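Encoded as structure tokens, the structure appears first; notes follow it.
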Amino acid sequence: MDQVHNKILFIGPMGAGKTTAINTLSDQEAVSTEARNSNRELYDKANTTVAMDYGFIELEDGQPVHLYGIPGQRHFEPVWPIVAKGAIGALLLANVSQPDWQSELLYFVNAFADLSSSGRMVVALNRCQPADVQETLAWLAEQGVCLAVLEADPRNREQLLLSLEILIANLEIESQMNG
Amino acid sequence: MTTTLTIQAMDFSDYETRLVQEQLRVVASRTRYSWRFDGEGCSAYLILARKPCKVAAHSVTALCDESIEKMVIHPHLPRTLLCEWPMRLMNLLDILQMAEDMYVPEKHVMQDSQVPFSADDIKKRVLGLQPGEMLKIQLKTDSLQSTAYIDGNNHQTSVYLPGEAALFVEQMLVGDGYDLEIIPRTQNARSGDPVPLQSFLWKVVLREPVSALEQQQWQGFTFKLLTWPLFGILKTEPYMLRLAALFTKGHHSITDAAQLAQTTADHVIRFLKACRIVDIKMEKAVVSPDRVNRAVVVNQQADRQRSLLVSLRKKLGLVFK
């Protein structure tokens with residue numbers, strides 16, 4: 001029997017806010033695999049995820065929806081497909097205050113092409129101005145990428161929930177179209 | 001020629017709206033006139049509403065409430081019926097027949113919008129504003145808070161409203177409507193929290209009635225959105241998210257979209273009109289004659305996946321409360 005997929009991914013470069021976002025949404029404190037950040041030139045924070053983050057949302061019938069965060073540094077790229085296997089959608093977080101955040105964004109869009117090309121990805125911009133959202137939407141369209149873009153502080157549950165609502169709506173439509 | 005009367009719902013959930021539509025289909029053969037359901041709004045001949053609301057003068061209002069056991073004519077409000085909710089089939093038939101009894105021919109059959117101006121008019125006038133000018137929206141009501149101003153700042157055009165945006169928009173679209181006037185810019189007008197013009201126009205279009213002529217114009221074409229709406233800024237409901245997901249995936253007709261997104265054709269048209277007014281790029285193509293409506297075939301696996309999504313939405317259900 002086919003399995004019901006119940007995994008949501010949190011992707012994006014180091015410092016985008018994936019660990020925080022999972023902690024914000026998870027029913028219990030997320031399991032984290034943080035280690036000392038040896039690349040403080042790229043992003044100046046003390047620790048960073050080196051394997052993955054994990055949290056979950058338990059539904060009323062006891063079934064969990066798993067929240068997986070990938071390690072954001074590119075040298076972990078071989079791990080990404082393993083973590084991503086069976087995911088129903090992804091939240092792509094980007095920290096607009098980071099240098100080269102747009103090229104990083106596009107890198108992740110392409111790295112998770114299965115999800116982005118089917119619309120099962122929402123772009124959540126952190127530390128942005130309202131104009132950044134509109135500009136990113138237009139810029140992605142120029143790259144041939146049509147994804148929902150939102151402002152989302154990873155500490156703000158309401159903003160993250162809207163991102164998840166969009167993922168759910170997309171899945172509902174796919175489920176209707178595929179019968 | 002058969003007379004067609006229109007019916008709209010106000011403040012009902014998607015599920016309740018579909019329920020009324022289904023009931024209407026069942027009782028259709030037992031009414032004197034033919035009835036057409038026009039989705040949500042307050043411009044039809046018969047309005048089913050959950051609470052008293054201002055509707056066009058010719059309309060008959062059926063106020064539906066759980067506390068009412070038997071349908072009666074409202075003792076104080078003209079052309080208003082008090083009806084039980086949830087509504088039984090026979091009760092709906094009674095409402096339709098009473099509304100038919102109140103109907104005076106040649107006054108309100110298949111009328112187009114009761115509103116003289118539309119969101120398109122507002123947008124056109126704003127685009128035509130010269131430096132030093134602003135646009136005044138004057139409600140034709142006795143309300144104290146009846147004037148709003150639209151002013152193009154250097155980078156952003158904002159609407160200065162006298163109160164809550166949703167309430168003002170509601171007042172624009174009921175009763176006697178509103179007037180538009182270009183006036184010299186005045187600082188006094190710029191009070192209160194400004195609302196971005198896009199967000200305001202989006203709200204107006206979603207509440208504007210869709211006329212029979214407009215419905216015809218939208219049918220017969222397929223549409224595709226080239227970008228997503230800015231849902232963090234624009235008013236959002238679950239059916240809009242589903243429509244955005246659908247129309248960004250490819251071309252769909254109004255009928256297909258309504259079926260796949262589990263909403264009404266009226267909602268689909270309003271959503272596309274709202275996307276158009278905020279300049280979301282969209283492709284339009286003629287429906288090919290051999291295109292058939294997409295049948296929704298349910299399989300067990302898809303059903304289980306849907307069930308998980310419904311549970312997840314229920315668990316997370318904070319955004320749209």
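If you're wondering where the values come from, they're calculated on a predicted model, not measured in any experiment.
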Among B/T227, B/L230, B/T248, which residue forms the greatest number of heavy-atom pairs with chain A at distances under 4.5 Å?
B/L230
Run the side-chain donor-acceptor check on residues 9-18 of chain A: report pairs under 3.5 Å with partners two or more places apart or on a different chain.
unit_1 : atom_1 : unit_2 : atom_2 : d
A/K18  : NZ     : A/G12  : O      : 2.8
A/K18  : NZ     : A/P13  : O      : 2.9

Interatomic distance, B/I233 atom CD1 to A/Q134 atom CD [nearest 0.5 angstrom]:
7.0 Å
For a side-chain contact (heavy atoms from CB on, under 4.5 Å) check, start with the C-alpha distance between B/Q262 and A/E172, then their side-chain angles and the critical distance, and finish with the verdict.
CA-CA 10 Å; B/Q262 297 174 290; A/E172 283 175 334; 5.8 Å; no
Can you give me every donor-acceptor pair (side chain of residues 196-203 of chain B, partner residue at least two apart or in another chain, under 3.5 Å) with its distance?
unit_1 : atom_1 : unit_2 : atom_2 : d
B/Q198 : NE2    : B/V278 : O      : 3.3
B/W202 : NE1    : B/K235 : O      : 2.9

Can you say whether A/I8 sits under 4.5 Å from chain B via the side chain, the backbone, both, or neither, judging by heavy atoms?
side chain
Taking distance alone, no hydrogens or angles, what donor-acceptor pairs closer than 3.5 Å link side-chain atoms of residues 111-125 of chain A to residues at least two apart or in another chain?
unit_1 : atom_1 : unit_2 : atom_2 : d
A/S116 : OG     : A/V109 : O      : 2.9
A/S116 : OG     : A/F112 : O      : 3.4
A/S116 : OG     : A/A113 : O      : 3.4
A/S117 : OG     : A/A113 : O      : 2.7
A/S118 : OG     : A/D114 : O      : 2.9
A/S118 : OG     : A/L115 : O      : 3.1
A/S118 : OG     : A/R120 : NE     : 3.1

Supply the atom-to-atom distance A/E165 CD to B/L312 CG, rounded to the nearest 0.5 angstrom.
8.5 Å
Work out which heavy atom in A/Q176 is nearest to a heavy atom in B/L260; give both atom names and the distance.
CG-O, 3.3 Å
Could you tell me which residues in residues 144-154 of chain A have at least one non-hydrogen atom under 4.5 Å from a non-hydrogen atom of chain B, sorted by residue number?
A/C146, A/L147, A/A148, A/L150
Could you tell me the separation between the OG atom of B/S311 and the CD1 atom of A/I57, rounded to the nearest 0.5 Å?
12.0 Å
Among A/V65, A/L140, A/I166, single out the residue with the greatest number of heavy-atom pairs under 4.5 Å to chain B.
A/I166
Is there a side-chain contact (heavy atoms from CB on, under 4.5 Å) between A/M177 and B/H252? Walk through the geometry before answering.
CA-CA 11 Å; A/M177 291 174 79; B/H252 294 279; 3.8 Å; yes
Is it true that, when you exclude B/Q219 itself, more than 12 heavy atoms of the residues, nucleotides or ligands shown sit nearer than 6.0 Å to its CD?
yes
Do you know which of A/I88, A/L137, A/L25 has the most heavy-atom pairs with chain B at a distance under 4.5 angstrom?
A/L137
On a heavy-atom basis, the closest approach of A/I173 and B/R242 is CG1-O, 3.3 Å
Chain A contact via B/L226 - side chain, backbone, both or neither, heavy atoms under 4.5 Å:
backbone
